[in-house]
Structure formats: C-alpha cells, structure tokens
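Just so it is clear, the model here is predicted, and its values are computed rather than measured. When a ligand or atom number is given, it counts from 1 through the structure's own listing order.
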Amino acid sequence: MSNKNRFQELAELDKKHFLHPTSSIKQQQVDGPAFIFSEGKGIYLYDILGNKVMDGMSSLWNVNIGHGRKEIVEAAAEQMSKLAYSSCFNTFSNEPVIKLAEKISQITPGDLNTTFFTSGGSESNDTAIKLVRHYWIIKGEKDRKKIISREKSYHGLAMGATNATGLKPFRDFSNTFSPDFFHVEDQSIEALVDLIEKEGPETIAAFISEPVQGSGGVHVPPVDYFKECRNVCDKYGILFIADEVITGFGRTGKYFGMEHFGVIPDIMSIAKGVTSGYAQLGGVVISKKIHEDLIELSTDTFLHGYTYSGHPTACAVALRNIQVIEEENLIENARLMGEEMLKGFKWIQQEQSIVGEVRGLGLLGAIELGKGQSTNERFNNPLAPLVVKEAAKRGLMFRSVIFDGQDALVFSPPLIINKHEVHKMIEIISDSISAVKLKHNEKELI
Ligand code: PLP
C-alpha cells in the first residue's frame, strides 16, 4: 500500500474512532489529522507521508532532550525487563523511585526535599491542592481551603487543576466552577492582597502560579512580582505552590523557573521535562518543613495515591533523562539559545509591520500579532492560527494562543536546539507572517 493510501486509511479511522484531546471536533471531521507522526529524531518529527517538521513546541512543551534518544530507550528497556511495575502503596518501594526522589531533592532549590509522584501535570496540581488542604486540616486550620491562582494561568484539566486554571473557557467547557477557587489579576500584588483581605486570610490554603505562564501566552512577570507574592503569602500564612510543569528541568535556562525570581516555593508541581515525554510522570515536591509536619501530625492513612505513583519504569526514564540534561549542559544551552531566539523575535518585530510585543525566558517565547509595535490593538480576526498553518507547510510546528483577546505565536523548542536551527526557525516564522499578510491584504485584516 502506498504511503498516501495508508495515510487516507488511517485518517478515516482517526476521524471515526479517536476523540482528540484539546481539539476542534468539527475541524477534525473536516480536515482529518494534519500529521500522522511515525518517527522523531532530535528536534524533528517525521510523518508517514515523509514530511519532516521542526518541533518548535517540544511537542507539548515537554520533549526537552529531543526525540529518538536511544539511551532513554535502553534505560526503559532495562528497567522493564527487570521490573516494569510494582505498587508504591503502603510501604512498598522500588529502587528507581527512591533514587529519583533523592535526585529531585538535590536539584530543586531551598529545602524542597520530598516528592509524591503522579502520572502528569494535572495529577500533580490536583495532588498539590489536596495536599495543602489536608495539611491545613492536620495543622488544625481546616477552614483554610481556598486556592488562589492567576488569570491566564493553565494548571491542567483534571478537576482540581481545571478549577485552578485561570483561562475561563476551560472551566466553561464542563461547567467547572467549584467553590473555594479564586482567580486574581495576573500581575497585580494589590489585587492579590485585596482578594486575601476580602475572603479572609484564615480561609486561604494556597496561592499557585507558573513562574512563566505557558499555555496562557508565555507571560513573564516583572522581576519582583514573585518576591512580593512570597512576602504576601508569608504575611498571611498562605502556602506558595509553584507550577513548574513547563518551566522545570531547564526550559527557562535555569533548572527551575522560580530561580529567576529568587523565590523558593513551599510546594512545586513537576511533570513534562522530568522525562522529556518518554514516559508519563509528574510529581509534587514538598518542603522539609511540610514533610516534617506531615510526619508529626498525621494520625491516619494518607488517603491519596495513584496506581502509577512511583512507577519504576517512568522513574528510570526520568533518571536517565536528567543525566542527559546535565551531561549535555542543556540548561546552559537553553539560556544561550533562548537569547538567540529572542534576538530573532526582535529582528522579526523590526521586519514585520504586524508584530507587536515579543517576549521570552530561555527557550520559552512568544510573538504577539497586532496593528504594529507601538499599539496593543488586535485585528478583528486573530491571525496567529493562520501563521501556524503557513509555518507547518514550511516545516515548522508551534502554537497560537488566542485566549483573552490575545493573538500570539508561542514557542518552546527542545533544549538541544543549536544556533543554526534557531536561525532557521526565525526565518520560517518571518516567511509565514509574510505569507499571511500577502494572502490577506493588510487593510482587509483591519
Ligand atoms: N501545569 C502546566 C503549567 C501545564 O502547562 C500543564 C500542561 O500543559 C499542566 C499543568 C497539565 O499537565 P498534563 O497535561 O500533563 O496533565
């Protein structure tokens, strides 16, 4: 069967039997799959038609060490052949989970010391939310159950994570408006303090934030923002949860995003880059103080756990992945290539009349489209999705963010990217913006 026929056959099956995550169901029925990927190598993905695309998103902000790494395959195979899975409930344990928990305690800042493992970011944030509420119960402050997160935040789509997510369409989707979740203006300390005072500090369990908001449009807050948040939390006795699901494991040019802001959270959610997507794993890292309190004050079973908490194969993959990040200096590379990427964005901003703000930290970046650099005015219909389509035709994959009236292109390439590849990326982005402008004459867009 020719590749084309194979593609068509699979595309029909995809439409019929596969409900895609975070997708347009109607569009899927019209277009079918844009790519049916069959192979990944370095920063590139290949589909069954032989197309090659640069993975400018590290797929879902997660494939930090790039695709097709044989050493990870070997680590997984070795662990699977010895012990693929065993439970960690009660006091059962396994060697990879113990070693990974130790490694995470060494690389996370401050006294973050002990990890509860999950299968991904949403479970991590649900766990963090449940954990802080449980913590306040055993501390004798059971009224502290409210969770404050920021507008434009994305914390995943399990029930607790959806409630915490500051992008309202995700909550509207399933009428997910549980009590005790509050969303505060995203870069305002005054709004945070007002909300805490209004709700009563003694009712607030935790404040949760990504160091750099990812899915909400790659927003980097002012340098002092988190220090002030930390001070506010300390003043009112509120726990600070950093959602490092995207920003962890080198993405921003430091091991963890909060390190840029000089803030040590009480709790940190991790996932994605911990395994670079080679296995499903997440975790919640808690401070020594919280761990000691849990040990001292727990009187009953810790009634929270997932079948795959501490999965030996996933943990072995994570250990090998972290080793690659360290041996290949990928955190430093993310910092250097991030600077190169931002330089490229600034060049595009000069070249293209419809580019507004550009921003980034390490290998996380965004380009806003609008009616020029000096204005925040947007076009009536967002252009970013059209640019994404043009770029895919030219061999580059990235995402658009159009929530909250934004019209942004967002990027998160693998940490192994080199200068030449960054330049190629910039060239394709600029060409794709030009193509959209050409197809839709500028006046018509306005
Ligand atoms: N937190 C952040 C900051 C994320 O970006 C994501 C996913 O993109 C999640 C949590 C949810 O992670 P998962 O999709 O692995 O459940």
Side-chain angles (χ1 to χ4, degrees), residues 20-23 55-64 116-131 147 149-167 169-171 173-174 176 181 183 186 206-221 226 240-252 256-258 260-261 265 267-285 306-309 311 314 317-318 321 361-366 397-401 403 408 410-413:
H20 285 242
T22 313
S23 62
D55 187 358
M57 279 309 295
S58 300
S59 286
L60 271 179
W61 328 81
N62 60 336
V63 187
N64 287 8
F116 177 95
F117 288 96
T118 69
S119 315
S122 301
E123 280 185 3
S124 295
N125 286 327
D126 268 34
T127 296
I129 291 163
K130 288 178 70 179
L131 199 126
I147 305 292
S149 57
R150 296 165 61 211
E151 286 168 2
K152 293 202 186 72
S153 64
Y154 182 86
H155 297 295
L157 299 179
M159 209 61 177
T162 301
N163 273 296
T165 289
L167 298 164
F170 287 102
R171 306 197 305 275
F173 168 75
S174 50
T176 303
F181 286 87
H183 308 92
D186 60 317
F207 168 71
I208 180 169
S209 177
E210 303 153 87
V212 177
Q213 291 175 327
S215 303
V218 183
H219 296 281
V220 187
F226 286 118
F240 188 124
I241 306 169
D243 180 349
E244 296 262 8
V245 166
I246 286 182
T247 48
F249 300 92
R251 168 64 51 201
T252 64
F256 296 94
M258 275 301 169
H260 289 279
F261 302 95
I267 292 173
M268 185 189 271
S269 293
I270 57 171
K272 296 193 189 270
V274 67
T275 59
S276 290
Y278 284 79
Q280 306 88 325
L281 185 76
V284 176
V285 196
Y306 302 110
T307 299
Y308 298 127
S309 291
H311 192 291
V317 164
N321 170 65
L361 188 63
L363 284 171
L364 261 186
M397 234 168 54
F398 53 86
R399 267 168 74 169
S400 60
V401 172
F403 297 117
V410 297
F411 306 86
S412 155

Can the ring centres of Phe249 and Phe256 be said to be less than 6.0 Å apart?
yes
Query raised in the report: Is the shortest distance from a heavy atom of Gln213 to ligand 1 less than 4.0 Å?
Result: no
Say whether Trp61, considering both its backbone and side-chain N or O atoms, lies within less than 3.5 Å of an N or O atom on ligand 1.
no
Ile246 heavy atoms within 4.0 Å reach ligand 1 at atoms 5 (O)
Using the six-membered ring wherever Trp is involved, compare the ring planes of Phe261 and Phe226 and label them parallel, tilted or perpendicular (cut-offs 30° and 60°). perpendicular
Nearest non-hydrogen contact to atom 8 (O) of ligand 1 from the set Glu244, Lys272, His155, Gln280 belongs to Lys272
How about Tyr154 and Phe403: are their ring centroids closer than 6.0 Å? no
**Report entry** Donor-acceptor contact present, side-chain Ser58 to main-chain Ser412, <3.5 Å
**Finding:** yes
Checklist entry - Less than 3.5 Å between some nitrogen or oxygen of Glu123 and one of ligand 1, yes or no? => result no
Atom 1 (N) of ligand 1: closest protein heavy atom, distance to 0.1 Å, is Asp243 OD2, 2.8 Å
Closest heavy-atom approach to atom 11 (C) of ligand 1 among Ser215, Gly248, Ser122, Ala242 is made by Ser122
**Prompt:** So is Asn125 in contact with ligand 1, going by heavy-atom distances below 4.0 Å?
**Reply:** yes
### Task
Determine yes or no for a side-chain-to-main-chain donor-acceptor pair under 3.5 angstrom, with Thr118 supplying the side chain and Gly120 the backbone.
yes
Any N/O pair Gly121/ligand 1 closer than 3.5 Å: yes
So, regarding Glu210 and ligand 1 (criterion: nitrogen or oxygen to nitrogen or oxygen, under 3.5 Å), is there a contact or not? no
Discussion item. Quick check against the 3.5 Å criterion: does Ser153 have a side-chain atom that pairs as donor or acceptor with the backbone of Thr165?
Written reply: no
Tell me yes or no: between the side chains of Asn125 and Ser269, is some donor less than 3.5 Å from an acceptor? yes
